[in-house]
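Comments concern the structure below.
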Amino acid sequence: MTQVEGIDRQLISEEDIRTRIKELANQISEDFEGETVILVGLLKGSVVFLADLAREITVPCHMDFMSVTSYGNDTESSGEVRFLKDLDEDINGKNVIIVEDIIDTGYTLREVVKVLGARSPKTINICTLLNKVSRRLVDIPVTYNGFDIPDEFVVGFGLDYAQKYRNLKYVGVLKITEE
Ligand code: IMP
Ligand code: MG
């Protein structure tokens, strides 16, 4: 049986996250100078990251949200992606930046990019806080990448395990024991 007993250790500190978010926001502000961007957050994991990122971006910036799911209350991907909530805004001709908490297999973003790309945005880019590169099953071009992390189940800064730990100020590794 799999048992979860809290946080094993801190992986990325609050300060390191803050610094990296500023760098990503500076890069976005430079790349889109004179333009408006729409940050598309994938609910719910990206909310904390998006809120901090948006406040460091200096170009005009809209926020919109989508809800898709590929995970139940488990730590393994089902491979299946369901769309639960669509965007409010029309993205035709707009600069879309998809904001994600973590890219694991890449299945989720592959589907989201396919759906949003079909709506003829001017540009479409991906910004992720965390990247589990070794777990990738489909190729996803990531323009703005916060941190490459090892293949461990992480929580905090928006990321959850069974809806818990989203409000941690840092990213930590979940303590999982197999019995
Ligand atoms: P993908 O479709 O396999 O790339 O999975 C992406 C989604 O899986 C993320 O948006 C997260 O919701 C979830 N996920 C993947 N790895 C983790 C993790 O280590 N902690 C928490 N959620 C994760
Ligand atoms: Mg997610």
Side-chain angles (χ1 to χ4, degrees), residues 1-14 16-17 20-21 24 28 38-54 63-87 96-118 124-178:
M1 204 180 88
T2 304
Q3 246 187 317
V4 172
E5 317 160 47
I7 307 300
D8 185 54
R9 66 185 193 280
Q10 177 176 288
L11 188 67
I12 310 171
S13 71
E14 189 183 349
D16 287 350
I17 296 171
R20 189 72 187 115
I21 288 178
L24 293 173
I28 290 171
I38 304 184
L39 299 182
V40 169
L42 301 187
L43 294 171
K44 302 170 215 166
S46 72
V47 164
V48 176
F49 174 42
L50 187 145
D52 282 2
L53 181 73
M63 298 180 200
D64 206 342
F65 296 92
M66 248 186 146
S67 183
V68 300
T69 182
S70 60
Y71 267 74
N73 285 341
D74 205 348
T75 57
E76 282 300 314
S77 174
S78 64
E80 176 205 355
V81 177
R82 282 192 299 147
F83 285 77
L84 306 175
K85 183 211 173 292
D86 201 351
L87 298 178
V96 171
I97 300 176
I98 301 169
V99 180
E100 181 56 309
D101 52 358
I102 186 166
I103 311 178
D104 187 23
T105 62
Y107 285 141
T108 307
L109 278 179
R110 179 180 61 182
E111 294 309 308
V112 170
V113 167
K114 203 189 289 171
V115 167
L116 298 187
I124 185 161
N125 286 280
I126 290 169
C127 178
T128 188
L129 178 65
L130 307 174
N131 198 351
K132 273 190 203 169
V133 193
S134 66
R135 293 258 310 167
R136 199 61 39 79
L137 295 178
V138 288
D139 188 37
I140 299 289
V142 183
T143 313
Y144 308 102
N145 186 21
F147 299 91
D148 286 338
I149 63 163
D151 179 14
E152 292 187 278
F153 198 85
V154 293
V155 292
F157 216 82
L159 292 104
D160 74 307
Y161 170 76
Q163 300 306 323
K164 286 197 296 190
Y165 308 115
R166 291 196 197 274
N167 60 328
L168 288 183
K169 291 185 171 185
Y170 59 90
V171 172
V173 176
L174 199 63
K175 188 183 278 176
I176 302 172
T177 52
E178 301 287 345

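First listed ligand is number 1; within each ligand, the first listed atom is number 1. FYI, the numbering just counts along the sequence from 1.
Within the structure, the closest approach of Arg110 to ligand 1 does not fall below 4.0 Å when heavy atoms are considered. Remark: distances from the non-hydrogen atoms of Val155 to ligand 1 are all 4.0 Å or more. Taking a 4.0 Å cut-off on heavy atoms, Gly45 fails to register as neighbouring ligand 1. Under a 4.0 angstrom heavy-atom cut-off, Lys132 registers as being in contact with ligand 1.
A distance of 12.0 Å separates CD1 of Ile98 from CG of Leu50, quoted to the nearest 0.5 Å. Distance check, rounded to the nearest 0.5 Å: CD1 of Ile149 to CD1 of Ile12 gives 6.5 Å.
For the side-chain contact (heavy atoms from CB on, under 4.5 Å) with Val68, the qualifying choice from Leu109, Thr108, Val115 is Thr108, the only one to do so.
Only the side chain of Leu159 comes within contact range of ligand 1, with a heavy atom under 4.0 Å; no backbone atom does.
Every atom of ligand 1 with a heavy atom of Asp160 under 4.0 Å away is listed here by number and element: 21 (C). Every atom of ligand 1 with a heavy atom of Thr108 under 4.0 Å away is listed here by number and element: 1 (P), 2 (O), 5 (O), 6 (C). Atoms of ligand 1 lying under 4.0 Å from any heavy atom of Glu152, numbered from 1 in the order shown and given with element: 19 (O).
In terms of the side chain to side chain contact (heavy atoms under 4.5 Å, CB included) criterion, residue partners of Thr177 (sequence neighbours excluded) are, by chain and number, Gln3, Glu5. For Asp64, there are no side-chain hydrogen bond (donor to acceptor under 3.5 Å, both in side chains) partners, not counting sequence neighbours.
With a 6.0 Å radius and a threshold of 12 heavy atoms from other residues, nucleotides or ligands, Lys169 has its NZ atom at or below the threshold.
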Could you check Tyr161 against Ile176 for side-chain contact (heavy atoms from CB on, under 4.5 Å), going step by step and ending with a plain yes or no? CA-CA 11 Å; Tyr161 170 76; Ile176 302 172; over 6 Å; no
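Between Leu174, Val154, Asp151, it is Val154 that holds the heavy atom closest to atom 20 (N) of ligand 1.
Ligand 1 has no N or O atom lying under 3.5 Å from any N or O atom of Ile103, backbone or side chain.
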